[in-house]
Structures are given as C-alpha cells and as structure tokens.
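Below: the structure, in structure tokens.
For this chain, numbers begin at 1 and follow the sequence in order.
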Amino acid sequence: MPKDRHRRWVARFQDFGKHAMTIPWTDAAKFRIAAGGLAIAIGVAVTSPIFAQAPSLRMLDKIDPGLWEVRVRDAAHTVRRLCLETGRPLIQIKHPNTLCRSFVVRDESRFVTVHYTCPGAGYGRTQIRLENAQLAQIDSQGIADGFPFDFTAEARRVGVCHD
C-alpha cells in the first residue's frame, strides 16, 4: 500500500486513541462483515421462537379422531363439521388451511392458549379447554379477512369421518 494512502487511513482513525486501526478496510470487506452480522442476528431471531415453543400442545393430541361438530354460541347458532386427526385445527377455526405462525401462551394438561399470526390473513388468540376426549370448549378472538371475530364454541365428536 502506498505510504500516502496509509497515512490518510491512519489519520481518519486518530480519534480512537493510540490503538488506531491501521488496516485499510475495503467496502467489500465492510459489506461482508455487516452481512455476516446481519445473518447471525436473523438466525438468532428466527431460531429463538423455536426454543420458546417448547410446549408441545399434547393436550390436543388426546382428542378422539373422527368427525367433530363445532357449535358456535352466537345468534345464528353456526355449526361446522370437521374431520380431525388431532385437536390442532381447532386453534385456527377462523383461519382454516392457512399457514400461520403460533406462539403457545399456556400449555397444561386440560387447557391451552395459543396466539397465532397468519401473514396477510389476520391473527387470533384461542383458548381450548378439554372436558374429555370427545368434548372441548373453545374461546377465540382476532381478525380474519379484515374483520374482527370473537366467539365461544363447543366442539364435540359426533362420529367417524366419511371420505
């Protein structure tokens, strides 16, 4: 490196005291370091929720598979039938077949609370209380298709699924 360029470089960093940096960093090197730091930060941010998701929602695996009827306690007495292998679809009744990220707020042997976010489709917070393997109580609220929802429902196994 030419001495003149070296002197200019060292002069830029004299504010750092006697331990002035004397290595000239190219823009490409700075970019690689910044990109590496950003990649590490993103990696930590992305994997941290995974570790926070330690609860497994095993309570929802205790339901009997089959045809379930969800009766919403509203003025219209809405009834919806679902063929369930596990109780997990009960979490997102207002966002069926939507890829959502979820965060387990509470996970106990007979009670779960899950907050979920569906990019572009809304979000919700659902509480499910398991009465027995064939009966559950649901309380859910959030935003679906741009509109708020808030309902309580009873989910009951009513038979076997038909293809």
Side-chain angles (χ1 to χ4, degrees), residues 21 25-163:
M21 183 182 272
W25 293 91
T26 65
D27 287 343
K30 290 177 189 175
F31 176 78
R32 283 193 299 269
I33 290 171
L38 181 62
I40 290 170
I42 289 172
V44 168
V46 168
T47 58
S48 293
I50 292 171
F51 294 117
Q53 293 293 326
S56 64
L57 301 173
R58 277 181 255 145
M59 185 266 303
L60 296 175
D61 296 331
K62 293 178 184 176
I63 72 159
D64 290 343
L67 184 63
W68 282 69
E69 194 172 80
V70 178
R71 292 185 176 271
V72 178
R73 295 182 185 110
D74 61 4
H77 301 290
T78 309
V79 177
R80 185 175 191 180
R81 289 183 164 226
L82 303 168
C83 186
L84 301 177
E85 293 288 324
T86 73
R88 294 170 195 273
L90 297 174
I91 294 171
Q92 294 178 210
I93 291 177
K94 288 289 188 174
H95 296 92
N97 306 317
T98 306
L99 184 61
C100 304
R101 286 178 295 154
S102 63
F103 179 77
V104 178
V105 177
R106 186 174 172 190
D107 185 14
E108 296 177 5
S109 64
R110 295 256 177 229
F111 192 89
V112 297
T113 302
V114 178
H115 177 81
Y116 63 90
T117 303
C118 312
Y123 61 89
R125 180 182 177 102
T126 302
Q127 297 178 329
I128 301 174
R129 187 178 77 240
L130 187 67
E131 302 285 337
N132 59 50
Q134 297 185 352
L135 179 64
Q137 303 299 322
I138 303 168
D139 183 22
S140 189
Q141 57 272 331
I143 302 289
D145 299 321
F147 296 99
F149 67 87
D150 184 5
F151 70 88
T152 58
E154 179 179 272
R156 182 182 299 271
R157 186 177 186 279
V158 294
V160 294
C161 295
H162 301 288
D163 292 331

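Atom CG of residue L57 and atom OG1 of residue T113 lie 10.0 Å apart, to the nearest 0.5 angstrom. L84 contributes atom CG, which lies 7.0 Å from atom SG of C161 (distance to the nearest 0.5 angstrom). Put simply, OG1 on T117 and CG on L99 are 11.5 Å apart, with the number rounded to the nearest 0.5 Å. Note that CD of Q127 is 11.5 Å distant from CD1 of I138, once rounded to the nearest 0.5 Å. To the nearest 0.5 angstrom, F111 atom CZ is 8.0 Å from M59 atom CE. Taken to the nearest 0.5 Å, the CH2 atom of W68 stands 7.0 Å off from the CD atom of Q134.
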For the pair I128 and V114, evaluate side-chain contact (heavy atoms from CB on, under 4.5 Å) and give the outcome as yes or no after the intermediate values. CA-CA 9 Å; I128 301 174; V114 178; over 6 Å; no
Derivation of the side-chain contact (heavy atoms from CB on, under 4.5 Å) call for Q137 and T152: CA-CA 7 Å; Q137 303 299 322; T152 58; over 6 Å; no
Assess whether side-chain contact (heavy atoms from CB on, under 4.5 Å) is satisfied between R81 and V158, documenting all intermediate values. CA-CA 9 Å; R81 289 183 164 226; V158 294; 4.1 Å; yes
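Remark: R129 pairs with E131 by the salt bridge (charged side-chain N to carboxylate O under 4.0 Å, His left out) rule, at least two apart or across chains. Every side-chain contact (heavy atoms from CB on, under 4.5 Å) that T98 has, sequence neighbours left out, goes to H95, C100, C118, A121. R156 is linked by a salt bridge (charged side-chain N to carboxylate O under 4.0 Å, His left out) to E154, counting only residues two or more places apart in sequence or in another chain.
Side-chain atoms of T126 come within 3.5 Å of backbone atoms of I91 as a donor-acceptor pair (strictly under, hydrogens ignored). Remark: side-chain polar atoms of R157 are paired, donor with acceptor, to backbone N or O of P65 under 3.5 angstrom.
Residues D139 and R125 are not paired through a salt bridge, judged by the lack of any N-O separation under 4.0 Å between the basic side chain and the carboxylate.
The closest side-chain heavy-atom distance from N97 to Q92 is not below 4.5 Å.
Paired with F151 under the rule side chain to side chain contact (heavy atoms under 4.5 Å, CB included), one option of R73, Q141, K94 passes, and it is K94.
The environment of D150 atom CG is dense: over 12 non-hydrogen atoms of other residues, nucleotides or ligands sit within 6.0 angstrom. The neighbour count for R101 CZ, taken as heavy atoms of other residues, nucleotides or ligands under 6.0 Å away, does not exceed 12. E85 CD: 12 or fewer foreign heavy atoms inside a 6.0 Å radius.
Across R80 and I93, no two heavy atoms sit closer than the pair NH1-O, 2.7 Å. Closest non-hydrogen pair, Y123 versus F149, comes out as O-CE2, 3.8 Å.
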